[in-house]
Amino acid sequence: MDIQIRGVQKHYGSFHALRGIDLDIASGELLALLGPSGSGKTTLLRAIAGLEPLDGGQVKFGDIDATGLSVQERKVGFVFQQYALFKHMTVFDNIAFGLSVRPKKERPDTATINKRVRELLELVQLGGLDKRYPAQLSGGQKQRVALARALAIEPRVLLLDEPFGALDAKVRKDLRRWLRSLHRETGYTTIFVTHDQEEALELADRVVVMNRGVIEQVGTTDEVWDAPSTPFVYDFLGTPNVLPARVERGALLLNGATAVLATAGAEPEGPVNVYTRPNELRVVGDDDIAALAGKVVETQRTGLLLRLGVKLLSSGDVIEIELPHPDPDVQRWQIGDGIRVRPSRYSLFPRAVAAVAEESGYDPTLTVTERRERSRT
Ligand code: ATP
């Protein structure tokens, strides 16, 4: 079932939660709605489900205008973050619920319901647990029961709101892989909400990045990662370093440094911000005249990576670089060491555009480490 969303508006009192959303979702697609808290992801998901009356715009399921239809009429399967299983019912009865409460005319007979529930138990790998009650299941098992329950009604669309939010990191990872293969098997159009970029990039075919009730970018996981179209998307997906610079006669001059980098040639002249991710900076030798010189002020080993905080001599800004570790070519960096780096890859945004990202709570004066810490809290 393909879905077409046009000009969707939603207010809560005076708060404008969705500001004219346009989105096309292809049949069988696995789509992530990604964004920070309060960006409108859940509101959009609920609007697609029919749980949220709209103030404007249209939601179409295939050729049908679904805008005025109820959840039941839209035939969506919905899974919430808190599994919301019926505590007093067994796993079997929880899964059968959607079918057994159908009006008599539409209700399958008992044998058909039993068969369907058995198939679903196998699909979600919970065969043998049908007589258990929710309290006797782990978090991951409960979430799979919730998915099986949503699938029981053979939904036209499967909607998942932070489906793995309450689970620990390892279980989340396992369930992600499992959901991906489940999606391959069932082929249902599936939309899930997450604020976890890794989850979106690992699981989805396409990602919708939302910010303050608007869509910042829609694209495949490669597109949004490799070519973020706005500073906000860049920042949200990968905590980049942001370096003030100028484009002058086709050359990029980093502020306060003599470093000159070639540009693609299409950039407008004037002040820009250079966005470059910590893993896109390379350590270079003294002979590289386009290098940025600095001093190591922080070293931190995390698993296979070595993170260095580098204070640039030219501007005093602290940037972060990531190096593979252990790496025989990587010297044992110590605080106080002199270092020269150069971005191997970067994007430019005119300063005026970057200011819009700053307005939405993004503070370029913070170091990447500080921003990462802040986003964790
Ligand atoms: P989160 O990741 O925190 O769930 P979200 O991106 O899903 O965030 P929404 O739940 O869609 O965000 O909420 C968008 C905005 O609308 C938020 O600022 C929220 O406070 C507001 N909002 C949501 N539901 C209501 C409501 N029923 N009444 C008033 N305001 C609401």
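Just follow the structure's listing: the first ligand is 1, and inside any ligand the first atom is 1. Throughout, numbering of the chain's residues begins at 1 and tracks the sequence.
What sits closest to atom 31 (C) of ligand 1 on the protein, heavy atoms only, is Y12 CD1, 3.2 Å. The protein heavy-atom contact nearest to atom 17 (C) of ligand 1 is G38 CA, 3.8 Å. For atom 10 (O) of ligand 1, the closest heavy atom belonging to the protein is T42 CB, 3.5 Å. Closest to atom 3 (O) of ligand 1 among all protein heavy atoms lies S37 OG, 2.6 Å.
Not one N or O on the side chain of E216 forms a donor-acceptor pair closer than 3.5 Å with the backbone of N211.
Salt-bridge annotation for E122 and R118: absent, with no side-chain N of the basic residue lying under 4.0 Å from a carboxylate O of the acidic one. Using a 4.0 Å cut-off between a side-chain N of Lys or Arg and a carboxylate O of Asp or Glu, D93 and R149 do not qualify as a salt bridge. Salt bridge status for K173 with E198: present, with a side-chain N to carboxylate O gap under 4.0 Å. Here R282 does not pair with D288 in a salt bridge; the nearest charged N to carboxylate O distance is not below 4.0 Å.
Side-chain N/O atoms of D65 and T67 include a donor and acceptor closer than 3.5 Å.
Residue G40 places at least one N or O, backbone or side chain, under 3.5 Å from an N or O of ligand 1. Residue F15 places no N or O, backbone or side chain, under 3.5 Å from any N or O of ligand 1.
For ligand 1, the atoms sitting less than 4.0 Å from at least one non-hydrogen atom of T43 are 9 (P), 11 (O), 13 (O), 14 (C), numbered in the order shown with element in parentheses. Heavy-atom proximity to P36, at under 4.0 Å, picks out these atoms of ligand 1: 6 (O).
Between Y234 and Y275, the two ring planes are tilted [angle within 30° to 60°].
Protein heavy atoms are absent from the 4.0 Å sphere centred on atom 20 (O) of ligand 1.
When non-hydrogen atoms are compared, ligand 1 lies under 4.0 Å from the backbone of K41 as well as from its side chain.
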Quick one: do N94 and V91 satisfy side chain to side chain contact (heavy atoms under 4.5 Å, CB included)? Show the steps, please. CA-CA 5 Å; N94 262 286; V91 166; 5.7 Å; no
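For the ligand labelled ligand 1, residue S39 lies inside the 4.0 Å heavy-atom shell.
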